[in-house]
Every structure is written in C-alpha cells, then in structure tokens.
Amino acid sequence: MRLGRRQFLGGAVALGATALIAPLARRAGAQPKFSTSPFTLGVASGYPLPNGVVLWTRLAPSPLIPGGGMSPDVVIVDWEVASDDRMGQIVRRGTAAASPAWAHSVHVEVDGLEPGRWYWYRFRAGSEVSPIGRTRTAPAVNASLERLRFAFASCQQYEQGYYGAHHRMAGDNLDLLVFLGDYIYEASWGRDHVRHHGAPEPFTLEDYRIRHALYKTDADLQASHAACPWIMTWDDHEVSNDYADDRSEQAHPREWFLERRAGAYKAYFEHMPLRNYMVPLGPQMRLYDQVTFGNLIRFHLIDDRQYRSHQPCVGPGRGGSTVVEECADRLDARLTMLGEVQERWLDASLDRSRARWNVIAQQTLMAQLDRKVGPGQQFWTDGWDGYPVARRRLLDYVGNRKPANPVVIGGDVHAFYVADLKPDFDDPKSPVVATEFVGTSVTSQFGRSQQAMDALRGENPHLRLANGAHRGYVRMDVTPKRLTAELRAMRSVTQPRAEVDTLATFVVEDGRLGAVRA
Ligand SMILES: [Fe+2]
C-alpha cells in the first residue's frame with residue numbers, strides 16, 4: 001500500500017503512529033542499532049499553539065553523506081514531553097515514523113498540553129537518546145498575556161562567520177525565535193572564511209539535505225533551536241540567489257528550475273520544525289501562516305519568494321535583480337510580491353486579529369531605499385523597491401484598515417534599519433502607517449561603508465537608523481503598553497561566541513506609529 005502524504009504525515013502522527021506505521025516498521029525492522037548517535041543535528045520545536053507545539057529531529061549518524069548514514073528503512077522514534085527539565089514528569093509520549101523518503105526526519109504535532117507554559121522534550125531511537133529541548137505553548141486564545149520576549153534573525157552564511165548570535169539568543173531566555181530567511185546559503189562567496197561548505201553549490205534534493213545538515217551540525221545553532229520554539233519564513237538562498245517564483249537569476253529552463261526548487265523546498269521541510277500541512281507537493285510548499293500569543297501579539301508570517309512576479313527591468317534572457325534609475329516596468333500594477341491568494345490571506349489575517357500588536361514577519365526591507373545620493377533615484381529590484389505598487393497596496397490596506405500596532409520585521413539586507421512605513425515615501429505628507437525593524441545578518445557580509453549608509457539616510461528621511469557595520473540580531477520585549485527593540489551587535493563573527501553589545505534601543509508605544517530611540 002502506498003500511503004498518501006496526508007495519511008503518512010498527518011494521520012500517522014495524529015494516531016501516535018500506531019495504526020498506520022507500526023506494521024510498516026515491523027516489516028522494516030523497527031529496532032535499529034546505531035554505532036554512533038543518530039541525533040547529530042539536534043532537536044527543535046516550532047509553531048506553538050495553546051495546546052501543543054511541533055517537535056522536530058532527524059536521524060543522521062553521518063549527516064554529511066547521502067542518506068545521512070541511515071539504512072533505507074523506516075525507523076520508529078519515541079518522543080516524550082515533560083513538565084520539568086529533568087524529564088521526570090512525562091506528560092505526553094508517543095511514537096513517530098522516520099522514513100527514508102523524508103531523510104529520516106520526524107515532525108510531531110504534540111497536543112493535549114496546557115497553554116502558556118514551558119515544556120521539555122526528547123526523542124529515542126533504538127538505545128540512543130537525543131539531547132533535551134525546551135519549548136513553550138502559546139497562551140489560550142484571547143487570554144491576556146503581559147509579556148512576550150522574542151528575537152528575530154536572518155542570513156547566516158556558514159563560511160563567513162561563527163554563530164555567536166545564536167549562542168547569545170540561546171542565552172537570552174526568549175519565548176520565541178523568528179527566523180526570516182537565508183537559513184542556508186547555496187553559494188560560497190565573500191571574504192575571510194572561517195570554515196567551508198566542503199561541497200559545491202547544491203542542485204538536487206540530496207545536495208540540499210547535506211547543506212542543511214552541515215548548517216545544523218553547528219552547536220550554537222542547535223542550542224538556539226533547543227532553547228525555545230521557532231517560527232520562520234525563507235528567502236532566496238534556501239534555493240538560489242534572487243529567484244522569483246519559477247525563474248532563476250540565470251533564467252534556466254522553467255521545468256529544470258522547478259525541479260531544483262522542489263528538492264530545495266523538500267530539504268527545507270525535512271530540516272525545520274514545521275507544521276505537517278506545510279509538507280511540500282513538488283515545487284509548491286505553503287509556508288505563510290499566522291501564530292498568535294493570546295491577546296498580545298499575532299505574527300503574520302509571509303512568503304515573498306514563491307509567488308512573486310519576476311523582477312522587472314532585467315535584460316532579455318535574464319532573471320534576478322538589477323539596480324535601476326528610470327524603468328517604467330517597475331511601476332507596472334500587475335507586479336505582485338505575495339501573489340493574489342497570499343495577499344488576500346494576509347489582508348484577512350490582519351482584519352481578524354484581535355491582538356494588541358500585529359507583526360508582519362517577512363524577508364526584506366519594506367521601506368523605500370533610494371540608493372542614489374543627490375538628484376534622481378536608484379532602486380534595487382529584488383526587494384520591495386522592485387514591486388512598489390504591491391507595496392503601496394499593502395501599506396494602503398494597513399493604513400485604511402488600521403490593525404492594532406502594525407510592525408513589520410525583516411532581514412535579507414545584512415544591515416540594521418529602523419523605518420517609518422508610508423504609502424508614498426516620496427511625499428512628506430504621506431502618513432506613517434506602520435513601524436519597521438530590519439535585523440542585520442547573523443554572519444553574512446555587508447559591502448557598504450557606514451559613511452555611505454549615513455548618506456543614504458539623507459536621501460531617505462523615513463529611515464530612523466541605517467547601520468551595516470555589525471552582524472547580530474534584534475531582541476524584542478513586548479508588553480501591552482510598549483514594544484522595545486534592542487539592536488544586538490556582535491563584536492566579532494570570526495571569533496566563536498564573541499561578546500554582544502546593544503547598538504541602539506527603540507521603543508514603540510501602544511497606539512503610536514513609529515519607533516523612538518530610547
Ligand atoms: Fe542574506
């Protein structure tokens with residue numbers, strides 16, 4: 001019998017993997033023996049609900065070889081959730097099937113937990129036991145929540161630095177981590193590498209699995225996953241630089257590129273604590289979602305890669321981005337960043353939210369960034385500046401419908417930005433409709449001098465801060481009255497576990513748009 005994906009991933013997990021998977025696994029030999037631990041990639045959790053959370057691991061005793069060092073059998077993995085950090089009081093347990101078809105990854109949607117509290121979890125395969133992870137459920141729907149502490153981060157090119165930012169986030173006692181894309185990089189680039197991918201650019205599913213596995217072998221990244229639940233979206237480098245929907249930067253044949261994308265998306269799913277319904281179908285994978293924490297905060301996570309129009313203004317036979325001055329195609333009203341279905345979903349998610357804070361978690365800088373100092377304007381077309389009509393439509397919507405305290409967070413550009421978001425950035429009278437924070441990169445390099453960044457602020461008065469001098473992350477402390485954002489700057493990424501400083505702190509007061517420097 002061939003199991004449908006719904007039965008396999010959804011049904012099996014919901015039934016505690018007893019009915020469907022047990023016979024299969026018995027045939028395959030359910031008690032594996034490992035000569036080394038298969039838990040080399042750590043554990044993770046994500047997408048908290050009031051009664052549960054997603055738990056993840058992957059069995060890979062030799063993570064950097066095809067197949068991860070596993071034999072091609074289905075393996076039964078036991079999981080347990082405890083109310084204490086020593087796993088003394090087990091509150092939920094069950095089994096899940098780790099299938100070679102999914103790189104022996106495990107996604108367990110635990111339910112039956114209490115809202116708004118910490119839990120600990122681990123896995124067992126054969127006689128091997130995983131490290132213990134810590135996770136937290138969301139508060140009950142509309143329950144009052146007095147505080148949420150989260151961090152957001154993006155862009156972690158492995159060769160360009162150590163994950164000191166993850167080491168720090170793991171120690172920040174966060175309730176949640178929001179990752180905004182470029183979790184892996186497909187390409188080797190940049191200078192002063194501290195370590196190496198050790199493999200060429202990935203193209204196949206197996207290549208992408210090995211790239212994800214390499215990144216996940218990092219102890220600081222594992223610690224950051226084990227410290228709290230994550231929610232996430234992706235950007236281009238999870239597949240390839242500057243791709244847009246079905247078009248690669250090099251404008252490869254569409255079918256070839258979609259096959260590559262399918263492998264990349266599948267490997268992404270296999271390595272992240274994602275909800276089972278997100279499981280990819282070929283080159284399609286629904287990643288956008290909302291996650292709500294009581295009456296305090298709703299995260300609207302969006303995907304601006306999979307459904308976007310091709311970037312405008314590139315030459316014939318090319319895809320990807322460019323920097324343009326005059327190009328009427330950029331203003332084409334048909335250009336979309338989210339696609340029509342997701343755009344309608346986002347509108348509805350904002351309208352239905354009863355949370356005090358509405359965070360739109362997305363990939364890149366949303367504010368306009370005129371890159372040309374002096375007369376005239378120059379825009380980079382891979383960001384929202386390539387899709388200004390779509391941006392205006394979203395910001396007009398936010399301005400008209402007025403969801404409570406809209407805050408946009410982003411990554412991608414390897415620099416900190418704090419901005420006022422306005423429907424028309426060229427009109428000084430255009431109202432501020434949302435507040436934006438863009439985190440810098442965990443490690444990925446930035447090419448512009450601070451002097452050049454300061455000059456950009458003169459061209460773009462809606463920017464309250466622009467700083468590309470540091471790698472790091474943003475830490476947020478949210479209460480009903482205010483949101484406090486600390487821009488956390490690592491002193492070094494070429495030294496493991498370097499010190500971190502707060503570059504600046506900004507506050508957004510409830511009911512006021514725009515961040516004020518504290
Ligand atoms: Fe990046």
Do the side-chain N and O atoms of [X] and [Y] include a donor-acceptor pair separated by under 3.5 angstrom?
| X | Y | result |
| --- | --- | --- |
| Arg517 | Thr505 | no |
| Asp236 | Gln363 | no |
| Ser444 | Tyr185 | yes |
| Thr479 | Arg147 | no |
| Asp426 | Gln377 | yes |

Of all heavy-atom pairs between [X] and [Y], which one has the smallest distance, and what is that distance?
| X | Y | value |
| --- | --- | --- |
| Thr322 | Cys313 | CG2-O, 3.6 Å |
| Arg471 | Thr443 | CD-O, 3.3 Å |
| Arg286 | Asp289 | NH2-CA, 4.5 Å |
| Ser154 | Asp412 | OG-N, 3.7 Å |

Does [X] pair with [Y] as a salt bridge, N-O distance under 4.0 Å?
| X | Y | result |
| --- | --- | --- |
| Asp382 | Arg308 | yes |
| Arg209 | Glu270 | yes |
| Arg149 | Asp172 | no |
| Arg261 | Asp245 | yes |

Look at the aromatic rings of Trp189 and His414 and report parallel, tilted or perpendicular, splitting at 30° and 60°.
->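 If you compare the ring of Trp189 with that of His414, the planes turn out parallel.
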Judged by atom type as modelled, is there a donor-acceptor pair below 3.5 Å linking the side chain of [X] to the main-chain atoms of [Y]?
| X | Y | result |
| --- | --- | --- |
| Asn460 | Asp370 | yes |
| Asp175 | Leu148 | no |
| Arg58 | Leu41 | no |
| Glu159 | His197 | yes |
| Asn295 | Leu145 | yes |

Evaluation steps, side-chain contact (heavy atoms from CB on, under 4.5 Å), between Tyr473 and Leu177 | CA-CA 10 Å; Tyr473 62 99; Leu177 197 150; over 6 Å; no
Residues two or more places apart in sequence or in another chain: which of them pass ring-ring contact (aromatic ring centres under 6.0 Å, His included) with Trp380?
->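 Per chain and number, Trp380 pairs via ring-ring contact (aromatic ring centres under 6.0 Å, His included) with no residue.
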Kindly confirm or rule out a cation-pi arrangement of Arg195 over Tyr163, judged by NZ or CZ under 6.0 Å from the six-membered ring centre and within 45° of its axis?
->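 Here Arg195 passes the 6.0 Å and 45° test against Tyr163.
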Establish, for the pair Arg247 and Tyr243, whether the NZ or CZ atom is under 6.0 angstrom from the six-membered ring centre and no further than 45 degrees off its axis.
->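 No.
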Kindly state whether the ring of Trp230 and the ring of His271 have centres lying under 6.0 angstrom apart.
->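 No - the distance between ring centres of Trp230 and His271 does not fall below the 6.0 Å cut-off.
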Do Phe437 and Phe152 make the cut of ring centroids closer than 6.0 angstrom?
->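 That pair fails the under 6.0 Å test.
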Once you round to the nearest 0.5 Å, how far does [atom1] of [X] lie from [atom2] of [Y]?
| X | Y | atom1 | atom2 | value |
| --- | --- | --- | --- | --- |
| Tyr47 | Asn276 | OH | CG | 12.5 Å |
| Trp234 | Met272 | CH2 | CE | 10.0 Å |
| Asn358 | Gln290 | CG | CD | 10.0 Å |

Pairs in or reaching into residues 219-235: which pass salt bridge (charged side-chain N to carboxylate O under 4.0 Å, His left out), with residues at least two apart or in two chains?
->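 Non-adjacent pairs meeting salt bridge (charged side-chain N to carboxylate O under 4.0 Å, His left out): Asp220-Arg497, Asp235-Arg305.
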